[in-house]
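In what follows, chains are A, B, ... by sequence order, proteins preceding strands, each numbered from 1. Atoms considered below: every heavy atom in the structure, side chains included; atoms not considered: hydrogens, waters and symmetry mates.
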Protein chains: 2
Amino acid sequence: MTEIEKTLENHQVRPTAMRILIYKYLAEKEIAVALTDIESAFAKAERTTLYRTLKTFEEKKIVHQIDDGTGISKYALCESGCNCEIDQDLHLHFHCNNCNETVCLTEHKIPQIKVPDGFVSENVNLVVKGICDKCSGQ
Amino acid sequence: MTEIEKTLENHQVRPTAMRILIYKYLAEKEIAVALTDIESAFAKAERTTLYRTLKTFEEKKIVHQIDDGTGISKYALCESGCNCEIDQDLHLHFHCNNCNETVCLTEHKIPQIKVPDGFVSENVNLVVKGICDKCSGQ
DNA sequence: ATAACTAGTGCAACAGAAGTGCATTTATTG
DNA sequence: CAATAAATGCACTTCTGTTGCACTAGTTAT
């Protein structure tokens with residue numbers, strides 16, 4: 001029983017071959033991935049399977065969905081690289097306009113956002129766009 | 001020559017009947033609207049025309065596009081209700097999970113966001129989700 | 001005013017992502 | 001091993017966004 005299998009079972013997800021592969025893929029990638037990314041990485045697998053796997057992972061809090069403003073849903077593992085459990089579920093993501101990759105910037109906390117009276121804040125999504133470290137030539 | 005016609009011409013957009021209507025619609029709405037919203041409001045007009053009108057408006061800085069995390073592009077007039085000209089093009093939007101409406105919260109400035117070395121910030125998109133004033137019963 | 005030209009609109013079609021229903025396979029449990 | 005439940009594969013559908021092309025309306029020059 002591998003680490004990944006344990007992790008999946010801890011989240012009430014049965015560790016099938018496909019799921020382990022997808023988990024591995026997500027773990028290796030440091031960036032948020034879209035369904036199509038996984039699709040091209042696993043050419044043999046059906047899109048639907050990948051789609052439903054991601055949905056399952058999302059439900060079971062293994063990954064969380066990221067909206068980086070490209071209009072395409074992306075996903076990233078919740079552990080180590082993302083603080084989606086903390087208080088207000090603050091997401092801080094950086095989307096590179098050059099390479100189109102989206103990364104989690106977890107070191108940088110989001111300042112408390114105030115909303116007007118009557119508004120109830122449940123969730124904050126912050127996407128910074130620009131040029132990432134790899135593309136800016138450091 | 002109405003106010004709206006003047007506004008359009010000031011932005012180098014020829015004030016056609018359709019465009020005036022769409023501008024009026026946007027001005028009346030206090031919330032950001034999606035293409036489909038306009039579509040159902042103007043059942044007679046073609047979707048393509050509305051689409052291209054919005055694109056033209058966007059190009060000419062009459063409206064700006066909002067990504068509220070629903071995956072559907074929305075638009076709002078740049079004037080009075082949005083500060084899309086200021087320094088870093090900071091957008092602060094509130095999306096109600098109940099009524100699904102998205103509004104601009106212009107009174108509340110976005111604090112300066114720091115990004116790690118090597119990253120260059122060009123644009124910041126902040127969407128707060130929750131319950132709006134209308135739905136929270138004030 | 002009219003011909004020539006340009007901008008705007010309508011229609012049709014396509015692309016990509018997301019989502020659903022159903023049959024089949026795989027795994028689990030009695 | 002049979003019965004059951006979960007996972008997967010396939011075929012479709014829907015929705016948003018987008019483009020090409022023909023046609024119309026509006027503008028400009030002669």
Side-chain angles (χ1 to χ4, degrees), chain A residues 1-2 4-6 8-25 32-60 62-76 95 100 102, chain B residues 1-2 4-5 7-25 32-60 62-76 95 100 102:
Chain A
M1 184 105 157
T2 70
I4 292 178
E5 287 177 70
K6 270 186 219 162
L8 292 181
E9 295 213 326
N10 285 343
H11 288 85
Q12 288 95 45
V13 172
R14 277 157 62 172
T16 67
M18 200 69 244
R19 285 170 177 174
I20 293 169
L21 282 174
I22 293 175
Y23 189 96
K24 251 186 214 162
Y25 178 80
V33 298
L35 178 56
T36 47
D37 296 330
I38 307 184
E39 212 179 327
S40 40
F42 299 95
K44 288 184 204 164
E46 267 316 291
R47 202 175 51 87
T48 318
T49 304
L50 302 174
Y51 170 75
R52 282 196 262 236
T53 300
L54 284 177
K55 284 288 168 197
T56 306
F57 280 10
E58 197 187 353
E59 254 172 46
K60 303 298 185 176
I62 295 173
V63 303
H64 76 268
Q65 201 189 29
I66 298 168
D67 165 43
D68 62 4
T70 58
I72 299 163
S73 293
K74 302 203 174 157
Y75 300 87
H95 177 76
N100 264 306
T102 301
Chain B
M1 183 107 157
T2 69
I4 292 179
E5 286 177 71
T7 307
L8 292 182
E9 295 212 328
N10 284 343
H11 288 85
Q12 289 94 47
V13 172
R14 276 155 64 170
T16 67
M18 199 69 245
R19 286 170 177 175
I20 293 170
L21 283 174
I22 294 175
Y23 189 96
K24 251 187 211 160
Y25 178 81
V33 299
L35 178 58
T36 47
D37 297 330
I38 307 184
E39 213 180 325
S40 40
F42 300 94
K44 288 184 204 164
E46 267 316 292
R47 205 167 54 89
T48 316
T49 304
L50 303 174
Y51 169 76
R52 283 197 262 234
T53 300
L54 284 178
K55 283 287 169 199
T56 305
F57 280 11
E58 197 189 352
E59 253 173 49
K60 304 297 185 179
I62 295 173
V63 303
H64 75 268
Q65 200 189 30
I66 297 168
D67 165 44
D68 63 4
T70 57
I72 299 163
S73 292
K74 304 204 171 154
Y75 300 86
H95 177 76
N100 264 306
T102 300

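Among the nucleotides C:dG10, D:dT27, D:dT16, the one closest to the side chain of B:Thr49 is C:dG10. Closest approach to the B:Thr48 side chain among C:dT28, C:dC11, D:dT16 is made by C:dC11 (side chain taken as heavy atoms from C-beta onward).
Between the base of D:dG17 and the side chain of B:Arg47 there is a donor-acceptor pair shorter than 3.5 Å.
B:Thr56 comes within contact range of no nucleotide atom at all, as no heavy-atom separation falls under 4.0 Å. Residue A:Lys44 is classed as having no contact, given no heavy-atom separation below 4.0 Å to the nucleic acid.
Summarising the geometry of A:Ile20 relative to A:Glu5, their closest heavy-atom pair is CD1-CG, 3.5 Å, with the distance given to 0.1 Å. Between A:Ile66 and A:Ala32 the shortest heavy-atom distance is CD1-CB, 3.5 Å.
Contact check for B:Ile4 versus B:Arg19: no side-chain heavy atoms found under the 4.5 Å cut-off. Counting only heavy atoms from C-beta outward, the side chains of A:Ile38 and A:Tyr75 never approach each other to under 4.5 Å.
Atom CZ of B:Arg52 is separated from atom C1' of D:dC23 by 13 Å (rounded to the nearest Å). Rounded to whole Å, the distance from CG on A:Asp37 to P on C:dG16 is 14 Å. Distance A:Tyr51 OH to D:dC10 P: 18 Å, rounded to the nearest Å. Taking atom CZ of residue A:Arg19 and atom P of nucleotide C:dT26, one finds them 15 Å apart after rounding to whole Å. In this structure, CD of A:Glu39 is placed 12 Å from P of D:dG9, rounded to the nearest angstrom. Following rounding to the nearest Å, A:Leu21 (CG) and D:dA7 (P) show an atom-to-atom distance of 16 Å. Here the C1' atom of nucleotide C:dG8 and the CZ atom of B:Phe57 are 12 Å apart, to the nearest Å. Between A:Glu46 atom CD and D:dA11 atom C1' there is a gap of 10 Å when expressed in whole angstrom units.
With respect to B:Lys55 and B:Glu58, a salt bridge is recorded, a charged nitrogen being found less than 4.0 Å from a carboxylate O.
Toward the 5' end of DNA chain C, the nearer of the two residues B:Thr53 and A:Gly71, judged by each one's closest nucleotide, is B:Thr53.
Considering only side-chain N and O atoms, A:Thr16 lies nowhere under 4.0 angstrom from the phosphate OP1 or OP2 of C:dT26. Side-chain nitrogen and oxygen atoms of B:Lys55 include none within less than 4.0 Å of the OP1 or OP2 phosphate oxygen of D:dG17.
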